[in-house]
Participant: 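Supplied in structure tokens, the structure appears directly below.
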Amino acid sequence: MANQVRVRFAPSPTGPLHIGGVRTALFNYLFAKQNNGVFYVRIEDTDQNRFVPGAEQYIMEALQWLGISADETIGKNEKFGPYRQSERRELYKKYAQELIDNNWAYYAFDTAQELDALRSEAEQNGSTFIYNHSVREKLNTSLMLEPSVVEQKILNGEPYVIRFKTPVGETLILNDLIRGEVKFETSLLDDKVLYKSDGMPTYHLANIVDDHLMETSHVIRGEEWLPSLPLHVLLYRAFDWEAPEFAHLPLILKPIGNGKLSKRDGDKLGFPVFPLDWKDPVTNELSSGYREKGYFPEAVVNFLALLGWNDGTEQEIFSLEELVDKFDLSRVHKAGAKFDPEKNKWFNQHYLKQNSTEFLAKDFQVILDEKGIKISQDIIKEIVELIKDRATFVSDFYELSQFFFEDPVEYDPKSLKNWKEDTPKILTDVAQVINDVEDFTASNIESSLKTWITQKEIGMGKVMQPLRVCMVGALNGPDLFAIIEILGKERTLKRIQNAIEHIK
């Protein structure tokens with residue numbers, strides 16, 4: 001095994017990258033960077049039946065968006081290339097043959113129909129058919145056929161698979177960096193298929209061969225791979241290779257109820273489970289992604305890091321650099337982590353507030369352009385500065401600031417409690433005060449109006465609440481005087497007049 005830490009993220013291009021896969025990539029990235037190691041991405045596309053066009057590109061784009069790109073991958077620092085398994089297929093046959101030669105594997109010529117019949121028979125007897133040590137020497141395998149017969153079958157082009165010959169009667173005591181000691185009884189394991197006659201390896205063989213050849217030091221992957229651990233460790237033994245260290249991450253659980261987080265949970269509760277939008281090339285169904293929903297990549301990285309890991313303190317906000325500094329596999333939990341969509345929004349709100357007004361104003365400008373609203377960048381910045389603390393996403397900005405762009409045509413009835421018979425007269429006087437302000441800034445408007453209110457001995461609520469209704473159409477929005485300054489004198493006076501005429 002390599003002295004240098006080398007870890008990989010090895011997704012299959014069978015569809016969009018689930019947020020659980022993203023977290024696996026993130027934890028590998030953090031572990032590599034913390035140990036001055038290498039994080040590489042390998043595409044495991046040996047299952048050609050499940051290959052989905054566009055999925056590989058999607059995976060790479062998602063990692064890039066999140067800021068956790070690979071040090072080595074397809075087309076980048078291909079030190080141990082190719083990094084696409086379908087382009088390595090010639091390699092695997094040699095290693096499958098080596099296992100057969102060393103009595104660690106065997107040919108099996110059983111047809112799908114024969115295996116179905118065996119399963120049905122076991123079912124009728126109330127048991128489950130397992131292809132293992134109990135049947136491998138009774139079935140159509142090279143373990144019970146003469147070598148010449150096996151050779152002839154292969155020459156005749158008969159379909160076959162190569163199965164692993166699992167040792168019998170052994171207790172494997174293995175160490176997992178997260179779970180500690182785990183035990184497996186080899187007699188309970190089945191003889192997994194490693195290679196098929198179509199020249200394609202299965203996941204198990206390709207994975208082990210590539211992890212070895214690419215000098216992988218640690219395999220950090222999801223808990224669902226824990227049942228494969230004994231086979232993988234035995235394969236390393238069969239090849240006489242040193243195995244990497246293993247760590248199995250906890251599942252990401254549904255927000256409500258039990259079980260693993262799925263796309264269905266996201267659809268039902270209205271949150272994405274994918275990093276980017278994904279359009280299914282077959283059904284054209286669109287699944288929403290965090291990027292298009294308006295999440296910042298920093299927020300996604302932050303909330304994913306805390307799904308199943310913490311640094312032992314109460315700290316919740318971590319930059320990617322801080323995560324690299326503090327990440328420790330020993331602090332990853334064994335139990336599954338419940339997914340909390342509301343907490344995700346909280347993270348996004350935090351990062352929105354942290355972003356500069358200039359940055360947010362550019363994003364808001366795009367929304368305004370789409371609506372055909374032409375307004376100067378300086379005014380957009382002023383508006384963003386006023387509303388950003390109330391927003392979770394940039395997409396909330398328009399709703400929070402609509403009154404800047406559209407004069408109110410309706411007035412919220414609940415906001416009219418302070419609209420009395422003398423309100424129109426008071427507002428007419430207020431309009432005159434505002435009209436007389438020469439240097440039209442929020443502080444000057446506020447000073448003039450409050451001086452007038454004090455002189456007239458009118459209650460503040462009798463003036464300020466109806467004035468806000470004139471400007472906004474309701475009793476919400478940011479600082480009233482800042483609103484008036486941005487609207488300007490002419491529009492402010494027009495809105496006061498409109499309200500006087502329309503509110504009865």
Side-chain angles (χ1 to χ4, degrees), residues 10 12 44 46-47 92 95-112 114-123 125-145 160-197 200-212 216 219-249 251 334:
S12 299
E44 303 207 331
T46 53
D47 189 347
Y92 308 117
Y95 288 101
Q97 188 59 50
E98 189 180 311
L99 291 172
I100 282 185
D101 294 345
N102 293 328
N103 200 25
W104 276 101
Y106 58 92
Y107 293 102
F109 297 94
D110 318 278
T111 64
E114 286 167 351
L115 292 175
D116 283 343
L118 288 165
R119 288 186 195 102
S120 299
E121 189 188 328
E123 225 171 275
N125 296 330
S127 62
T128 306
F129 172 72
I130 300 174
Y131 206 125
N132 66 1
H133 62 90
S134 64
V135 296
R136 64 192 175 204
E137 290 180 19
K138 300 173 192 164
L139 298 177
N140 199 358
T141 72
S142 57
L143 297 174
M144 53 85 66
L145 296 169
Y160 66 83
V161 296
I162 295 176
R163 288 182 178 272
F164 187 65
K165 190 178 171 189
T166 311
V168 187
E170 190 182 331
T171 302
L172 285 178
I173 300 171
L174 308 174
N175 182 56
D176 184 283
L177 293 172
I178 293 167
R179 287 151 209 286
E181 192 179 279
V182 281
K183 288 185 184 177
F184 299 92
E185 298 299 330
T186 60
S187 299
L188 302 176
L189 304 175
D190 56 340
D191 288 0
K192 283 274 189 280
V193 174
L194 301 178
Y195 192 81
K196 294 169 281 192
S197 54
M200 274 299 192
T202 62
Y203 166 81
H204 301 292
L205 178 66
N207 183 276
I208 296 311
V209 168
D210 287 346
D211 277 349
H212 172 71
T216 308
V219 172
I220 303 166
R221 58 190 181 184
E223 181 184 315
E224 63 272 24
W225 292 110
L226 195 57
S228 302
L229 181 60
L231 169 64
H232 293 179
V233 169
L234 287 168
L235 275 166
Y236 278 101
R237 185 201 292 180
F239 284 120
D240 200 20
W241 296 337
E242 189 180 345
E245 294 194 65
F246 288 90
H248 291 86
L249 305 172
L251 292 176
K334 292 178 198 167

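Remember, it's a predicted structure, so these values are computed and weren't measured experimentally. Position 1 is the first residue of the sequence; numbering continues from there.
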Participant: Counting C-beta onward and ignoring hydrogens, is there a side-chain heavy-atom pair between L99 and L205 closer than 4.5 Å?
Facilitator: yes

Participant: Distance from R221 atom CZ to H248 atom NE2, nearest 0.5 Å?
Facilitator: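 Here the interatomic distance stands at 3.5 Å.
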
Participant: Measure the spacing between CG of L235 and NZ of K192 and express it to the nearest 0.5 Å.
Facilitator: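 Going from the CG atom of L235 to the NZ atom of K192 covers 11.5 Å.
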
Participant: Quick one: does any side-chain atom of T46 pair with a main-chain N or O of T202 as donor and acceptor, under 3.5 Å?
Facilitator: no

Participant: I'd like to know whether CD of E123 has more than 12 heavy-atom contacts from other residues, nucleotides or ligands below 6.0 angstrom.
Facilitator: no

Participant: Considering all heavy atoms of both residues, which atom of P201 and which atom of K196 are nearest to each other, and what is their separation?
Facilitator: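 Closest approach of P201 to K196: O-CE, 4.5 Å.
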
Participant: Does some side-chain heavy atom of P230 sit less than 4.5 Å from a side-chain heavy atom of T186?
Facilitator: no

Participant: Is the side chain of S187 donor-acceptor paired with the backbone N or O of G169 at a distance under 3.5 Å, no angle test?
Facilitator: yes

Participant: For a 4.5 angstrom cut-off between non-hydrogen side-chain atoms, does V135 reach L118?
Facilitator: no

Participant: Atom CH2 of W104 and atom CD1 of I162: how far apart are they, to the nearest 0.5 Å?
Facilitator: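 So the CH2 of W104 and the CD1 of I162 are separated by 16.0 Å.
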
Participant: Under the side chain to side chain donor-acceptor pair (under 3.5 Å) test against Y131, which residue among D110, D191, T166, T141 passes?
Facilitator: D110

Participant: Report the C-alpha distance between L174 and F246 in whole Å, list the side-chain angles of each, state the deciding distance to 0.1 Å, and finish with yes or no for side-chain contact (heavy atoms from CB on, under 4.5 Å).
Facilitator: CA-CA 9 Å; L174 308 174; F246 288 90; over 6 Å; no

Participant: Can you tell me how far the CD atom of E114 sits from the CZ atom of F109, to the nearest 0.5 Å?
Facilitator: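 Taking CD in E114 and CZ in F109, the distance rounds to 12.0 Å.
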
Participant: Just verifying a value: how many Å separate F239 CZ and Y95 OH, rounded to the nearest 0.5 Å?
Facilitator: 7.5 Å

Participant: Just verifying a value: how many Å separate H204 NE2 and F164 CZ, rounded to the nearest 0.5 Å?
Facilitator: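 If we round to the nearest 0.5 Å, H204:NE2 and F164:CZ are 11.5 Å apart.
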
Participant: Would a distance-only check, ignoring hydrogens and angles, find a side-chain to backbone donor-acceptor pair under 3.5 Å from D176 to I178?
Facilitator: yes

Participant: Once you measure the plane-to-plane angle for W241 and Y236, does it fall in the parallel (<30°), tilted (30-60°) or perpendicular (>60°) bin?
Facilitator: perpendicular

Participant: Could you give me the CA-CA distance, side-chain angles and deciding distance for D47 and Y203, then say whether side-chain contact (heavy atoms from CB on, under 4.5 Å) is met?
Facilitator: CA-CA 8 Å; D47 189 347; Y203 166 81; over 6 Å; no

Participant: Please check if the number of heavy atoms outside D240 that lie under 6.0 Å from its CG is greater than 12.
Facilitator: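 12 or below, so no.
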
Participant: If you look at every heavy atom in M144 and E137, which pair is closest and at what distance?
Facilitator: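 Nearest pair, atom of M144 first, then E137: CB-O, 3.5 Å.
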
